[in-house]
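Remember, it's 1-based here, ligands and their atoms both numbered in the order they're listed.
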Amino acid sequence: MKFFLNSISAVVVVTLAAGLVLGFIFGLTLPLLVSSQSERVVSYEEVAAQTAVEEAAKIAVEMGTDSAEYGLAFETLPGVAKYDGPALARSMSIDTKEAWLSWMRNNRNDSPAFLEERWKLAEDFVESSELKRPEDMRAFLLTPREHFVRDRNRGLEYADTWLPIGYGATITDPDVVAMMTTTLAINSGEKVLEIGTGSGYQSAILSYLTTEVYTIEIIKPLFIETDRLYRDLEKSYPSYGSINRKLGDGYYGWEKYAPFEKIIVTCAIDHIPPPLLKQLSPGGIMVLPLGPPGRQYIMEVKKEEAPDGSITLNRRDVYNGLRVSFIPFRDEIGTSHSLSGPEFPNSP
Ligand code: SAH
């Protein structure tokens with residue numbers, strides 16, 4: 001009995017002691033655990049991306065915008081009326097799929113199977129908020145991706161993925177195209193500059209949002225191929241005849257037509273090209289894949305300019321941390337315009 005009582009008191013003592021020790025440890029560590037969970041972990045790369053954005057604002061004030069042009073260009077003629085793509089988009093019925101299909105049958109020759117797939121993607125992107133405004137949905141619905149996906153990828157026209165288009169370039173995933181387009185919030189008549197014409201798909205979408213589309217491609221055979229494609233398609237899709245396009249290094253923008261209310265960069269870079277920031281109107285929006293090779297954030301950058309010329313940039317990661325992989329923003333000899341090489345820029 002005595003032994004039994006002793007063992008009980010030993011168990012009680014040990015339990016109490018263990019409780020005290022554990023309580024003490026948890027008392028100390030629990031707040032630490034909670035606070036480290038609730039603190040937002042800011043990675044070095046995010047800090048570097050922020051620095052890259054701020055640096056660009058400083059440099060843009062001083063830097064010139066000498067444009068690197070390589071001689072080939074198509075520019076709409078001054079004084080010649082441009083086909084009004086946004087007006088066409090506004091006239092389209094999108095209340096129901098049936099109404100849209102019937103409008104398309106009356107106004108277009110697009111293949112019915114592709115129309116079904118296009119509607120499905122548009123619906124998905126409206127649901128995921130990658131197409132936020134009806135204008136953006138209309139522009140997406142009017143653009144025949146099947147003509148911009150190259151022959152080697154037949155069957156994948158409406159797959160939600162990027163695809164190779166030759167010359168080391170790609171046609172961007174339709175959802176990323178939708179998201180970047182929606183982020184620009186384009187109003188009809190605004191000047192929009194795209195860097196990286198590639199397949200021509202992105203600018204074709206833009207041509208239903210504004211008549212003022214400008215696009216630059218650096219790879220000559222790709223520029224020529226897409227220029228020809230636009231000329232062919234123009235007969236059935238006249239707004240592509242209003243797309244101004246040139247062969248050149250988009251890092252320097254297109255000074256002749258600056259400023260632009262909206263700029264979309266479709267090749268990856270680890271900083272904002274200062275000449276582009278300079279050519280962005282005050283109050284304008286730029287969207288670009290910002291980050292190291294293989295993993296960029298889709299960044300929205302809004303530019304505010306004070307009367308003394310100082311620039312404030314408000315940036316937002318439109319996908320909340322999700323990474324994408326665009327092909328590199330290169331110069332004319334094929335070297336990346338990124339400052340960092342394989343690692344992130346501005347390493348201490
Ligand atoms: N917007 C295109 C995406 C093409 S991929 C589409 O919808 O298909 C990116 C493109 O950027 C490639 O065609 C590449 O050649 C181009 N590019 C890369 N660096 C460039 C630069 N400095 N100036 C202009 N275009 C560039």
Side-chain angles (χ1 to χ4, degrees), residues 65-73 139-140 143-150 152-153 156-181 183-184 192-209 213-227 229-230 233 240 243-255 262-276 279 286-290 293-294 296 298 324-339:
T65 52
D66 290 340
S67 172
E69 295 186 29
Y70 308 144
L72 278 179
F140 185 89
T143 311
R145 187 169 168 90
E146 60 272 26
H147 291 303
F148 298 97
V149 165
R150 304 311 204 223
R152 73 201 74 179
N153 291 122
L156 294 172
E157 289 86 347
Y158 287 87
D160 194 5
T161 177
W162 58 267
L163 296 164
I165 55 171
Y167 317 102
T170 56
I171 177 168
T172 310
D173 326 33
D175 67 329
V176 176
V177 170
M179 186 65 150
M180 291 177 90
T181 305
T183 302
L184 290 173
V192 183
L193 173 66
E194 179 197 25
I195 309 303
T197 315
S199 67
Y201 178 61
Q202 174 72 68
S203 272
I205 291 190
L206 297 177
S207 76
Y208 297 113
L209 287 161
V213 181
Y214 299 82
T215 181
I216 307 175
E217 172 55 54
I218 200 168
I219 298 175
K220 188 171 179 180
L222 183 53
F223 172 85
I224 293 172
E225 197 177 298
T226 300
D227 178 62
L229 180 65
Y230 279 148
L233 291 177
Y240 308 157
I243 299 173
N244 299 282
R245 42 208 191 254
K246 80 166 176 174
L247 176 68
D249 186 348
Y251 193 85
Y252 303 97
W254 200 337
E255 179 73 51
K262 307 286 159 70
I263 297 181
I264 172 168
V265 178
T266 67
C267 36
I269 191 155
D270 60 7
H271 62 282
I272 300 176
L276 290 185
Q279 291 179 19
M286 188 187 309
V287 59
L288 77 167
L290 188 70
Q296 300 93 39
I298 298 288
V324 292
S325 179
F326 274 77
I327 75 149
F329 199 136
R330 41 163 279 178
D331 63 16
E332 77 275 18
I333 52 167
T335 313
S336 169
H337 269 300
S338 286
L339 302 168

Closest approach of any protein heavy atom to [atom], naming residue and atom:
atom	result
atom 11 (O) of ligand 1	Gly196 CA, 3.2 Å
atom 9 (C) of ligand 1	Thr266 O, 3.2 Å
atom 6 (C) of ligand 1	Ser199 OG, 3.4 Å
atom 4 (C) of ligand 1	Thr170 O, 2.9 Å

Show which atoms of ligand 1 fall inside a sub-4.0 Å distance from at least one heavy-atom site of [X].
X	answer
Ala169	12 (C), 13 (O)
Ile195	23 (N), 24 (C)
Cys267	11 (O), 17 (N), 18 (C), 19 (N), 20 (C), 26 (C)
Leu222	13 (O)
Ile219	15 (O)
Gly250	21 (C), 22 (N), 23 (N), 24 (C)
Gly248	23 (N), 24 (C)

Where on [X] is there a heavy atom closer than 4.0 Å to ligand 1, on the side chain, on the backbone, on both, or on neither?
X	result
Pro328	backbone
Thr197	backbone
Asp331	neither

Parallel, tilted or perpendicular: rings of Tyr251 and His337 (30°, 60°):
parallel
Counting heavy atoms only, which of [options] is nearest [atom]?
atom	options	result
atom 21 (C) of ligand 1	Arg145, Arg330, Glu194	Arg330
atom 7 (O) of ligand 1	Glu217, Lys246, Gln202	Gln202
atom 20 (C) of ligand 1	Leu206, Ile218, Thr172	Ile218

What distance do [X] atom [atom1] and [Y] atom [atom2] have between them, rounded to the nearest 0.5 Å?
X	Y	atom1	atom2	answer
Leu163	Thr161	CG	OG1	5.5 Å
Thr197	Tyr230	OG1	OH	6.5 Å
Ile219	Glu225	CD1	CD	10.5 Å
Thr226	Phe148	OG1	CZ	8.5 Å
His271	Leu290	NE2	CG	9.5 Å
Ile327	Thr170	CD1	OG1	5.5 Å

Any side-chain heavy-atom pair from Arg150 and Leu229 closer than 4.5 angstrom?
yes
Heavy-atom distance under 4.5 Å between the side chains of Thr172 and Trp162, does that happen here?
no
Can you tell which of Thr266, Val176, Val265 makes a side-chain contact (heavy atoms from CB on, under 4.5 Å) with Pro289?
Val265
Is the NZ or CZ atom of Arg145 positioned over Tyr158's six-membered ring, under 6.0 angstrom from the centre and within 45° of the axis?
no
